[in-house]
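No experiment lies behind these values; they were computed from the predicted model shown. Heavy atoms only: backbone and side chains are in, while hydrogens, waters and symmetry mates are out.
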There are 2 protein chains.
Amino acid sequence: MEMKTISAEQLKHVCVEILKSVGANNEEADIVADSLVKANLRGVDSHGVIRLEVYVNRVKYKTIIPGAPIKIVRETSSTALVDGSHGFGQVIAVKAMKIAIEKAKKTGVGAVGVFNTNHFGMLAYYALIALQEDMISLITTNGSPFVVPWGGRVPMLGTNPICIGIPSNQEIPIILDMATSAAARGKIEKAAKEGAKIPADWAVDEEGKPTTDPVAALKGALLPFGGPKGYGLSFIIDILSGCLTGAAFGQHVISLYPEDKNGTLGHFILAINPETFIGVKEFKTAVAKAVQEIKACPTAPNVPEVLVPGEIEYRTEQKRLKEGIPMGSETWRIIEKLCKETGVKI
Amino acid sequence: MEMKTISAEQLKHVCVEILKSVGANNEEADIVADSLVKANLRGVDSHGVIRLEVYVNRVKYKTIIPGAPIKIVRETSSTALVDGSHGFGQVIAVKAMKIAIEKAKKTGVGAVGVFNTNHFGMLAYYALIALQEDMISLITTNGSPFVVPWGGRVPMLGTNPICIGIPSNQEIPIILDMATSAAARGKIEKAAKEGAKIPADWAVDEEGKPTTDPVAALKGALLPFGGPKGYGLSFIIDILSGCLTGAAFGQHVISLYPEDKNGTLGHFILAINPETFIGVKEFKTAVAKAVQEIKACPTAPNVPEVLVPGEIEYRTEQKRLKEGIPMGSETWRIIEKLCKETGVKI
């Protein structure tokens with residue numbers, strides 16, 4: 001398989017042009033392209049430009065509406081409920097995070113719920129915005145059902161990710177960004193293609209039994225990570241993202257597919273201002289010390305070092321900023337196809 | 001082994017009298033006893049009256065100070081930083097939760113950090129207080145190091161629990177209350193006594209290798225639940241509970257032991273008012289629907305039903321309210337010893 005490499009700048013430019021060609025305004029094209037390329041830079045390729053095809057299709061189906069107004073429908077000094085009017089998920093979430101940050105600057109905390117929104121890509125993107133303002137952030141979203149509740153055999157939950165960003169004096173941005181499923185469906189698809197087995201705690205077959213056969217797993221459903229605890233967390237994330245915001249929850253959530261149906265997912269976004277607790281400077285110093293100490297932990301056999309949340313992604317970003325972003329053949333096919341369709345030149 | 005049974009009312013009365021005899025005032029004795037007995041009622045016996053001996057010892061060592069003032073040292077409309085002055089952890093946390101709730105009533109969210117505090121028992125106790133006011137709550141604490149970071153071989157993290165409570169129209173209070181360690185140390189001690197093996201993902205030996213030998217595990221350290229994801233969550237909980245509040249973090253945290261050293265743990269407590277989002281009534285209705293739907297999920301083989309967070313504990317409470325609380329021999333020994341020392345009659 002040929003592996004092309006492209007600079008982040010070039011890749012973003014292509015994405016911006018494609019998005020503008022289908023009707024996104026300058027700001028929307030910039031935010032969505034920036035989010036996708038940032039995901040590729042951080043090695044989260046599943047949430048990178050490979051998603052652009054679906055977004056473009058959804059714009060054609062009018063299930064993503066460029067220029068859609070983002071309206072605050074309920075508000076207090078520390079909270080807001082945001083109606084995204086089915087615009088680009090990234091654009092809505094950036095606005096929601098900025099609202100949360102503004103409120104946290106004034107009252108110490110800002111909590112924002114979002115509905116009538118769309119798939120918003122890599123959650124860490126919003127944590128990075130909060131870090132620029134020295135804010136702790138928590139971001140959740142629900143998604144289409146792929147995951148069984150613990151003990152169940154029918155998918156009722158999304159991969160329901162949670163992301164938490166922590167300001168520090170460390171060079172590495174501390175960002176925990178994780179799905180609450182044990183593994184991504186894409187990894188199981190890859191194992192199926194390669195005829196490989198999967199770990200027994202990733203998925204169940206159609207009867208709800210744990211399976212190491214990826215083909216059986218694809219007919220079944222994903223398992224939550226960490227057993228009943230991960231299931232509990234996923235259920236809570238569904239409630240915060242869906243029930244609290246007026247979006248859909250459980251089996252009713254539509255995220256990317258079908259492309260011609262409006263997204264019914266929801267997001268929950270929280271910003272906390274450390275200045276109103278121990279103080280920003282003191283907090284960042286304490287976190288840097290915590291990071292240094294935990295990284296100095298003696299390691300288990302064959303483990304080179306203890307990592308902190310976000311460290312792998314940060315290192316990948318530094319590497320890819322220098323060496324360019326490697327493009328998988330499928331991603332490249334999508335970019336070429338979209339360029340051809342929209343008349344954008346690579 | 002003889003198993004005595006005692007009513008919640010009787011057990012609470014004994015605890016109140018013991019606490020008052022060592023200097024707790026009426027309010028303190030009532031809160032601490034109520035929290036311990038509530039844990040026993042909910043089947044969380046590890047955080048029940050078995051803890052009373054340590055609390056009494058800490059009062060003797062003046063590392064728990066009855067009547068200690070609880071001071072707000074920094075405050076905004078939505079946040080507070082609370083200095084517990086080394087009082088009873090439960091009393092301080094109840095106060096902190098009430099502050100968070102009052103702020104959430106006014107601004108939609110209340111976030112409270114706590115330092116100079118003590119072990120505060122079962123986290124669900126504070127979620128239950130928030131549920132009485134129709135508030136979503138999130139409670140975290142850090143603790144003494146028993147858990148390795150992922151890839152490490154020296155304990156650097158506490159069992160760092162997190163609890164989230166969700167109001168609903170369901171009879172069952174939805175409360176996710178979980179340690180971020182894979183298992184409690186007590187379970188490993190039990191396996192060691194019984195000569196049983198433990199699952200390979202519970203603990204590591206002194207070299208940091210996963211072990212099924214409970215004796216080797218007790219010389220080693222606990223593993224976080226759910227691999228690197230659970231580790232990440234534990235680290236974040238340490239940061240929110242410790243770094244944000246000015247309490248200790250990582251290896252520096254003192255919780256129950258040594259009894260003659262001041263506790264250096266910290267708590268983070270958040271209350272969110274659903275009224276400022278979709279509305280309390282609408283939220284509780286949506287959550288009840290989500291609960292009903294997920295409980296209706298077809299089950300895997302040999303699984304009688306899908307449970308929601310807090311369901312087992314609620315059922316245990318209903319049973320123990322009727323039939324009384326079964327007292328393990330160790331718990332009973334402690335109660336008898338404390339009664340003898342303090343002159344309290346059972």
Sub-4.5 Å heavy-atom contacts with chain A: which residues of residues 221-229 of chain B show up? B:Phe225, B:Gly226, B:Lys229
Taking side chain as everything from C-beta outward and backbone as N, CA, C, O, which of these in A:Val148 sits under 4.5 Å from a heavy atom of chain B? Side chain, backbone, both or neither. neither
Would you mind telling me which of A:Lys106, A:Lys284, A:Glu207 has the largest number of heavy-atom pairs within less than 4.5 Å of chain B? A:Glu207
Give every donor-acceptor pair under 3.5 Å between a side-chain atom in residues 241-250 of chain B and any protein atom, sequence neighbours left out.
unit_1	atom_1	unit_2	atom_2	d
B:Ser241	OG	B:Thr140	OG1	2.9
B:Ser241	OG	B:Ile237	O	2.7
B:Thr245	OG1	B:Ser241	O	2.6
B:Thr245	OG1	B:Gly242	O	3.1
B:Thr245	OG1	B:Ala247	N	3.2

With chain A, the option among B:Gly113, B:Pro304, B:Gly279, B:Pro301 that has the most non-hydrogen atom pairs under 4.5 Å is B:Pro301
Side chain, backbone, both or neither: which part of B:Val73 has a heavy atom under 4.5 Å from chain A? neither
Most heavy-atom pairs under 4.5 Å with chain B, out of A:Ser78, A:Pro210, A:Ser168, A:Ser77, belong to A:Ser78
Answer with yes or no whether the side chains of B:Thr76 and A:Thr107 bring together a donor and an acceptor at under 3.5 Å. no
Top of A:Glu75, A:Gln251, A:Met178 for chain B proximity - count of heavy-atom pairs under 4.5 angstrom: A:Met178
For the interface with chain A, which of B:Ala111, B:Ala104, B:Pro274 has the highest count of heavy-atom pairs at distances below 4.5 Å? B:Ala111
Heavy-atom contact with chain A under 4.5 Å, split by part of B:Ile166: side chain
In terms of heavy-atom contacts, B:Arg74 and A:Glu275 come closest through NH1-O, 3.1 Å
Donor-acceptor pair, B:Arg153 side chain versus A:Pro298 backbone, under 3.5 Å? no
Considering residues at least two apart in sequence or located in another chain, which fulfil the side chain to side chain donor-acceptor pair (under 3.5 Å) criterion with A:Thr264? none
Examine whether an atom of A:Ala80 lies under 4.5 Å from a heavy atom of chain B, and if so say whether it belongs to the side chain, the backbone or both; otherwise answer neither. backbone
Select one option (side chain, backbone, both, neither) describing which atoms of B:Ile239 are under 4.5 Å from chain A's heavy atoms. both
Nearest heavy atoms of B:Gly151 and A:Val303, plus distance in Å: O-CG1, 3.5 Å
Smallest heavy-atom separation, B:Leu81 atom then A:Ile278 atom, equals CD2-N, 4.2 Å
Can you name the nearest heavy-atom pair linking B:Phe235 to A:Ile174, along with the distance? CE2-CG2, 4.4 Å
Please classify the contact between B:Lys289 and chain A as side chain, backbone, both or neither, with a heavy-atom cut-off of under 4.5 Å. both
Residue by residue, scan residues 305-315 of chain A and write down, ordered by number, those that have a heavy-atom distance under 4.5 Å to chain B; if none do, write 'none'. A:Val306, A:Leu307, A:Val308, A:Pro309
With a 4.5 angstrom heavy-atom cut-off, which part of B:Glu282 approaches chain A: side chain, backbone, both or neither? neither
Give the member of A:Leu157, A:Leu233, A:Val287, A:Thr276 that has the highest number of heavy-atom pairs under 4.5 Å with chain B. A:Thr276
Heavy-atom pair of closest approach, residues B:Ile294 and A:Met156: CA-CE, 3.6 Å
Does atom NZ of B:Lys295 have more than 12 heavy-atom neighbours from other groups under 6.0 Å away? yes
Where does A:Ile236 contact chain B at under 4.5 Å (heavy atoms): side chain, backbone, both or neither? side chain
Which atoms of A:Phe115 come close to chain B, meaning under 4.5 Å heavy atom to heavy atom: side chain ones, backbone ones, both, or neither? neither
Between A:Gly152, A:Gly110, A:Gly208, which shows the greatest number of heavy-atom pairs under 4.5 Å with chain B? A:Gly152
Between B:Ile272 and A:Phe268, which heavy-atom pair has the shortest distance, and what is it? CD1-CZ, 3.7 Å
